[in-house]
Every structure is written in C-alpha cells, then in structure tokens.
Amino acid sequence: MTATQERPADEVEREIGRERRRKEDQRLITGRTRWTDNLTLPGMLHLAMVRSPFAHARITGIDTTAAKQATNVVGVFTGADLADSLGACINAWAITTDQVTPDHPPMPADRVTFAGEIVAVVAARSAAEARDAAELVDVEYDELPAALDLKEAAEATADTGAALAHPELGTNRSAYWVFDSAEAGTGGDVEEAIAQARTDGILLEREYRQQRLIPAFMEPRSVVVDPTGEQITVWSATQIPHILRFAIAATTGVPESKIRVIAPDVGGGFGGKLQQTPEEMIAFAVARRLGKPVKYTETRSESLMSAHHGRDQWQRLTLAATKDGRVTGLKVDLLADLGAYVAIVGGGVPVLGAFMFNAIYKFPAYRFQCQTVLTNKVWTDAYRGAGRPEATYAIERLMDELAAEVGEDPLAVRERNWIKHEEFPFQTVAGLEYDSGNYEAATARAKELFGYDELRAEQQRRRESGDRVQLGIGISTFTEMCGLAPSRVLGQLNYGAGGWEHASVRMLATGKVEVVTGASAHGQGHETAFSQIVADRLGVPFDDVEVLHGDTQISHKGLDTYGSRSLVVGGEALVRAADKVVEKAKPIAAHLLEASVDDLEFGGGRFHVRGTDQGIAITEIATAVFAAHNLPDGVEPTLDSEATYDPVNFNFPHGTHLCAMEVDTETGALSMRKYVCVDDIGNIINPLIVSGQVHGGLVQGIAQALWEEAVYDDSGTLVSGSFVDYLLPTAADTISFEIDHTTSPATTNSLGTKGVGEAGTIASTPAVVNAVVDALRPLGVHDVQMPCTPERVWRAINSSGSGGATEGAAAPHFDASTGMEGTVDRTAGAQDGGTDA
Amino acid sequence: MTRISLTVDGARVSDDVEPRTLLVHYLRETLGKTGTVIGCDTSNCGACTVHLDGHSVKSCNVLAVQADGAEVTTIEGLAQDGRLHPVQEAFRECHGLQCGFCTPGMIMQSVDLLNENPNPTEEEIRLGLEGNLCRCTGYHNIVKAVQHAAAQGAGTATAAGAGAGAGA
Ligand code: FES
Ligand code: FES
C-alpha cells in the first residue's frame, strides 16, 4: 500500500466536527429499507390481537370456536392456552425494596387491567384473515371498577371501597421514593428553609401537571419470530435488542444462547420502543407453539392504546427564597402514574428526574419525594427525557414565578442562583458532580441571537398600549443528566442492570474496518458519527468504516440506545477499542520497519519512525497480520480489539432556550414568533446530526406545551386514540429555529462530548409555557396547564379571582364524552383560576 | 377478486385483487414495494404517499382497483437511470430525515408540491406538507430540503434555478 491511499495527517484529524452527510440516507431515501414489517419468510403466519375494550374486567369466558373455523386460520390462543410458555414482562427497576409490583403476564387469562390489553391471539395465513377472525373471538367480561384518576387512585384503599387497579394488592401505591439533602449529607434541611422563608422571605407553592403523552414513533411496532432455525430469531422494531433477548430468556426459560434478536431499520423510538412488550412475548410463544414464522404489526390505533405512554405526574412544589430571590430550599412532592403495570423502567422514570429539580442552581437544601401509583390505564415508561423534562419544567416554571415575585428579569434571578463557570466541577445538592458548563456564555449568546433586549422593549410597548396581541418571552436554562449510566450508581439505585457499553473494531485484510457497537440506532445516525470517530482515531477514510449494530449475533454484547448514551458511553467504548487496535499494531509496525517501538509515533493512519521518512500504514499492518507470515515472536495474529466502557459519571449538557410567543388575548390563540437555543453539548462529532437532534427534540417538547395529551374518558377508554385526536404537530404548526452552541467539553470522556438526543425536549417545554404565561402576567395569569390550547389560554385570561390556574386549568382540553375539542362545560371555568391579580 | 392492470415504477403489472385491498397493501404485499410504508389507520400520517398519474395520493386511502389502468410511482421508482431525484438529494444534503420512516411519503409529497409550485415560500412548503407527519426532524430540515430542491430547480422546468423562497 502506498502513501497515496492515505490522507495527510492534517486532513485526517478533521473528520470529527465535519458535517458529513449520513451514510444511512442512501437506502432510506430510495425505499431500500428493512423495517420489520417488510420481512416475509416462507410459510409465515400473521397474528392479530384481540384486545379488551374495558379498563378493568374479569374475563369470564372466551369462545374461540368461530375464529378457529374461519378460512386460513391456523390457530387461536388465549392466555390460558399459552400460560406455560408466555414468559412475563419484566420490571427491571424496583425503585424501593418494598415496591409493590403486580405480575405482568403478556396475555392475562383471568383479568384485564387496561383497555387495549390482549386477551387472545389469532394466527392466520394473511394479516387480513387474522384480523377478520379476531372479530369472531367472543370474550365475556365482568366489568370491575377502574382506578383512573391519579390522585384518587393514590388515596384508594381496600376499606374505602375505592377502585383498585389490582384488587389483590390492596393498594394502588407501588413505591415511595425519597431523597433528602439533609439525610444524604449533600445539603441542608428543606423544612428549615421553608420555615425561614415563611417568616422572612418568599415562599412559592405551586402544583403543576405533567400530562400523559404518547411517544408516537412513526413506525408502528412490529415483530417477526422465526422458530425454524437452531436459534429462534426475533426481528423487532425495538430500541433494545440486547435487553429484549435477556428478558425473553429470563422469563421463558429458553436459553439466551438459543435466541437471536435483530433490530433492523427501526423507525423512531423516543423511549417508546424501550420495552419488552406483550406483543413480542405472544409472538414468541405462538411461533414456538406452531413451529412456524409469525409476524405481528400493530395498527396505529393499537399502538396508541397499548404501547407505553410517558409523563403523567402531578408535581407539588415548594420553593423557599430570600426576598432578593436567592433560593434557599426546594421541596418536590410527586405523584406518578405507572398505569396498570410497572413497566421495564416504569417506576424509575421519576427517579431519573429526582436529581434534576435543582438543575443549574446552587440550592442549599432539597427534598424530593415521589409516590408511584397503579391505575387502570396503559403502563407508562420512558418518553424522550424520561423524568428530566418533568423536573426541568417544574424548576424553570418556578424560577419565572420567583422572578415575578421579586419583580426582576427572570434571567437575572436565574443568574443569581446558578453555578458560575469558574465553580466547576460542582457538587450539587442532589449529590451529583457536574463536571463542566458555562451558563453565562450560553445565555449571552442566546440573548444576542434572540434580540432579547429589543423583544423586551417591544413587549413593554405592547403592554403599555394594551395591544390585543401580547408578546411573551419564555426562558429555560436547562441542564440534564444523560449518558446512562455509571453501573455503580445504577446498582445503588437498585436498577437491574449496568450502564456500560461495548464496542469492537475489526481490521479486515483489505484495509477496511468493521465497527460493532452495542448501541442500537433508530434514526440517530450512529453509522455516520461512529465512522467519523473511527476514521479519525485510526486515520482511515470515512468511507472505509462500516458500522454494524442491532443484531445480537453480530453485536454479542450491548445495552442499547436510550438516555442520550450512544455517543458518550458507546462512543467512548469505541475510542478505547480503536486505541487498542493501534496498540496491538505498534509492535508489529516496529518489527516490519525494523525499528524500535520507542521510536514510533502514530498519526494520520501511519506509524512513523521518528526523524526519518520511514513509515507503514495501519491498513498495511492489517494485511500483514492477515498473512501472518512475518510477525514478531509471540504476537497474536490479529489487530481486532474490543472494549467495554463503564462511564465514571453522568454527562451534563446544558443550554439557554428563549421563546417569543404572541398571544391573542381575545381568542387565546398562540403564535410562536421566534425560538432560539444555544446548547452546550461539549465537542461535536457531526454538527448536522446534532442540529437534527435538537430540532426534533424541540418540537417534541413544544408539542407537550401546546398540543399533545393522552386523554381517557370516565370508563377508561383512550379517547385520543388515533392521529385524528392525538395531535402530533405538523409542518404547518411549527416554525424554523435558530440554534447555536457554546462548548465546554465534558471532562469525563475522551471525546469531550455530551449527549444531545433529549436536550431539546427537556428544555423547550418550560420555555414555551413560560412565554405564554409571561405574555399574560399583567392580566393576572400565572399558570396555564399543558397543553396550552387556545381554550385554556382564553379561560386563564377570562377567569377572575382565586390565585393559580393550575387547579382550574385541570379541566381536560379535550372533552372525552364527545371527542370534540373545545366543548368542555364552561361552568367548570368558575374554578378555572389563572389569575392572582 | 378483480383483475387490475397498471404501471408501477415503470413496470407493467397485473394481478387479481380483493375489492377491499388498499393500494398500499397491494404495493407492499403483492408487489413487494416495501419502500412505501404504513404509519396510521386514519389517513393522517402520509407515510404511504405515492404518485397516481403524476399526483400525490395517500395509498392507504385508495383501493387497488381504483388504480386500475393508472400509472403509479413510488419512492422506489423516483430515481431515474441510477440518478437520484433532486428532492431525494436535497433530503440527504439538508439532513431532512432521521429514522427515515416518514421519508418516502415526505419525498413523494415534496416532489408533488414542487411540481405544482416550483418556487414555494416557507409557508407554502409547510402548508403543502401538512398531511405528512414526521416525529424525528421537527420539520426544520425537511423545509430546508424542499427549499434546497427548489433552488436546484426540482420543480417543473420553468422554475429551474429561480430559487425564490430558498433561504437555506
Ligand atoms: S398510512 Fe397514514 S396516511 Fe396512509
Ligand atoms: S424521519 Fe423519523 S419520522 Fe420523519
């Protein structure tokens, strides 16, 4: 191999930071895709599920006779039929040792606990025939009282006669988790701070609602199981092929080594495909029972009603501060709705938020307590941000409230409380160490891009002139913890697994490089970003690197993709594996160059003998190792290397988000005028991919603020059960964003990178709601409950008297009884606070 | 069963279909044109968008029998002679896709939009794509991609190079 095939050293170093167009795209833009539902195998059968229409009912009989007789139906099974082989859906995180965790059979035989739960499955030669036959399954139910309202469910006991999601448990309360800075030794006593503020300071008590959301990935979940090989192969539209394999093995008794899980092209997840689903377990059982490949693909309606939801909390907050707006203590009291079961990470979601309510601030005292509660609705689990958006929302809303109380600019009050850049590393009151950050820099840049002072001046003018359309400026100076996670910390939190990631680098004889990662991409662009990292590290061309993932047979070890971990944990594993390749190559290079190892330096893909023009490319060494004719004695003939990396700390991206919102005070209509964000995510591998992550994240967070809510009616039926009723934003609802970055490299990984997948979602929700409230503050409004629909905004403006819109604003924005927007009984408006003038 | 004959991505095809078969199912299951995907059951998401006689339709909203005698173009037939359509190029260039599930529909809709209006404003693009949902990109880069394609003259010939509204 000659020097012409290598790039000069200075060019080699440039791969990281380049706006590489994505390797993934060629297939995706031409329709050459491998979605699970695209797969067809010889003799494959199609499954259709029979789902409960009731939120809570005893199954008194299932008659499958007619369905079994239908043409081309091969089998119909109930929970009882498959009881011995279905396995179970696992909860991997009991957040307390006494957590109440109901068993979760994938297809219960006796009782259903949410509307949409599967009670029978039909296997037929075509999907249409399976669906038709599913209609013929006759299920008799004895309806039971359903626990639906989160607050009521939390109070219910067997003696009060109130509905219990699982009567045999005697309670809906699953776990009570507490962090207290005084007990942990990380800060003071919050009750003291509150007492002090009550007599001589500012005490804010607020209650915020985190509405239930639906992840709504665009690719419906799909699973194909082929039992005909030596291994049972499972293709699934999942974020977690490795964890899924473990869970199937652990609960069915099929040896892990006999199961292969493949996540082919996966169309989005956002946490929503971080689950071991009943559908996967049922398909696995039916395929084994019939000895035939089976496929199940959900409809969108099934997806919305049965794939896990996210958020769904009530947050009671008490913030103590001095009169000049220095926070002295924060107390958080949460109710979190688990739904009918404790999902795989389920109860842990609020715990992931527990460390983030103190955000970027130096609070002297902090207490967090959370009650997780079972209800007869679909289970909740991770949705983009998982716990951290909820925390960020609460504190960023509160900081605006505090600023209003003090009568100062909300950025000034934030700055008074935040950690200064020279104070890093900083030990927080929640017990974490923030390694790096510069909130001043991000804020200054964001203000400049936004035209902060000009917009404030315009706001003032509009207020003074009594303009019908008022301008609100919303702020969110967020941080988050990502890069899940140091295994030791997970162990302390009683999580059932570790947080490491695995990578391997294979040097092929032809000089090409295969990279295997345990992360499992579903839209993030791993193939491109990881190629850039390896190209730089090994000094090989970007196009010569192939990134493989998402198949347990290729990537034997991994913990998959969620929690903004792929780059900061998986990328670091990759760096280490690549560095090992270089280490292994070095003695061979010395041997081939007849030089001393000590005289070699590596750069630009070549080993050079210092002070000479002698050198050899690492790709040439790969060829030499393949031949193995001339290697130093005792050297193993391979350069291939692997590394498993366990992060030493979480990773703390931060940023300043500013939103300008116009609010029509007569109609409540909102119009977003500008959104600027400056995120500090450390060093950037590919700015193009980062921008995409930020934009998409922003819109999901904005959607929580303005549009989305999963609504159940009084009988526990999901009313927002289709894309007609569950309002995903469209291109016409959204605007273009202005984004920029400041850079404080992370000190806890060698690339200096921080996670970015969840940042936009975590930050944007409070920025938007703060903007709405800011516009209306002179009218006495200090809260509008999410989603801030025109009707809710209108009501907040038009109701008078009692302080705090939170309570009144709790009227559903969507009338469950009619399915019509804006038909909520107006009499409810009497309590519909929204003013505290 | 009803016999239908049509052209799909330039190839003449003919099959017996059940009258209730949707065009999208015919494309995916009978013809193996799995580039076109299904994202919903209420005709809201646009993931299934194809061209029927040169205009975009949601193929989950059209019966296969309605396509009898028609010319259908899917995402798989958009590139000509191994050359990507400028809108495909633009989606890659501007990072207008992440998971790529909405992408076939988004691209087919964008092509139709530019054929109708070669120099759309940002607002016209956003309205023109209103029937296509994307959960990944926040639409920002999709809009940019359409602007970029417009600037490249992806619309009908008269528009070539005009590039109005292409602020990218
Ligand atoms: S599949 Fe959603 S519109 Fe056709
Ligand atoms: S790219 Fe994933 S839905 Fe649009």
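With a threshold of 4.5 angstrom between heavy atoms, A:Pro215 approaches chain B through N, CA, C or O but not through any side-chain atom. Contacts of A:Leu688 with chain B are made by both backbone and side-chain atoms, with heavy-atom separations under 4.5 Å. Looking at B:Glu29, neither its backbone nor its side chain comes within 4.5 Å of chain A, counting heavy atoms on both sides. Neither the backbone nor the side chain of A:Ala127 comes within less than 4.5 Å of any heavy atom of chain B. There is no contact between A:Glu298 and chain B, counting heavy-atom distances below 4.5 Å. Contacts of A:Gln693 with chain B are made by both backbone and side-chain atoms, with heavy-atom separations under 4.5 Å. In this structure, the portion of B:Arg28 lying under 4.5 Å from any heavy atom of chain A is its side chain and not its backbone. Both the backbone and the side chain of B:Phe101 come within less than 4.5 Å of a heavy atom in chain A.
Take A:Asp25 and apply the salt bridge (Lys or Arg N to Asp or Glu O under 4.0 Å) test, not counting sequence neighbours, and it matches A:Arg22.
Of the residues considered (A:Ser691, A:Ala521, A:Gly268, A:Ser301), A:Ser301 shows the highest number of contacts with chain B, using heavy-atom pairs under 4.5 Å. Interface check for chain B: of the options A:Thr40, A:Val694, A:Thr299, the most heavy-atom pairs under 4.5 Å are formed by A:Thr299. With chain B as the partner, the residue from A:Gly31, A:Ala731, A:Gly696 showing the most heavy-atom pairs under 4.5 Å is A:Ala731. Among A:Thr297, A:Thr33, A:Asp733, A:Asp37, the residue making the largest number of heavy-atom pairs under 4.5 Å with chain B is A:Asp37. Between chain A and the options B:Glu123, B:His95, B:Glu130, heavy-atom pairs under 4.5 Å are most frequent for B:His95. Top candidate by heavy-atom pairs under 4.5 Å with chain A, chosen from B:Thr103, B:Leu97, B:Leu129, B:Thr42, is B:Leu97. Taking chain B as the reference chain and counting heavy-atom pairs below 4.5 Å, the highest number among A:Ala216, A:Ser722, A:Gly525 is found for A:Ala216. Considering only heavy-atom pairs separated by less than 4.5 Å from chain A, the leading option among B:Gly35, B:Gly39, B:Gly100 is B:Gly39. Highest contact tally toward chain B, considering only A:Val699, A:Ile702, A:Val266, A:Ile735, is held by A:Ile735 [criterion: heavy-atom pairs under 4.5 Å].
Outside the 6.0 Å centre-distance limit, the rings of A:His309 and A:Tyr383 are not counted as a close aromatic pair.
Residue A:Trp235 holds its CH2 atom at 14.0 Å from CG of A:Asp265, rounded to the nearest 0.5 Å. Taken to the nearest 0.5 Å, the CG atom of A:Leu567 stands 6.0 Å off from the CZ atom of A:Phe530. Between the CD1 atom in B:Ile38 and the OG atom in A:Ser222 there is a gap of 10.5 Å [rounded to 0.5 Å]. Atom CE of B:Met108 sits about 6.0 Å away from atom CD1 of B:Ile75, to the nearest 0.5 Å.
With A:Phe542 as the aromatic partner, A:Lys23 meets the cation-pi criteria of under 6.0 angstrom to the ring centre and within 45 degrees of the ring axis.
When the heavy atoms of residues 5-20 of chain B are compared with those of chain A, the residues falling under 4.5 Å are B:Arg20, listed by number.
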Q.
Quick one, A:Tyr726 with A:Leu718, criterion side chain to side chain contact (heavy atoms under 4.5 Å, CB included). Give me CA distance, side-chain angles, the key distance, then yes/no.
A. CA-CA 10 Å; A:Tyr726 190 83; A:Leu718 181 69; over 6 Å; no
Q.
side chain to side chain contact (heavy atoms under 4.5 Å, CB included), that's the test. Do B:Leu22 and B:Leu63 meet it? Break it down for me.
A. CA-CA 4 Å; B:Leu22 298 173; B:Leu63 294 169; 4.0 Å; yes
**Q.** Steps toward side chain to side chain donor-acceptor pair (under 3.5 Å) verdict (A:Ser736, B:Glu122)
**A.** CA-CA 9 Å; A:Ser736 292; B:Glu122 173 169 346; 2.9 Å; yes
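Salt-bridge check for B:Arg135 with A:Glu708: passed, with a basic side-chain N closer than 4.0 Å to an acidic carboxylate O. The residues A:Arg27 and A:Glu24 are annotated as not salt-bridged, no charged nitrogen and carboxylate oxygen being separated by less than 4.0 angstrom.
Taking a 6.0 Å sphere around CD of A:Glu738, one finds it holds more than 12 heavy atoms contributed by other residues, nucleotides or ligands. Around atom CD of A:Glu135, no more than 12 heavy atoms belonging to other residues, nucleotides or ligands sit under 6.0 Å away.
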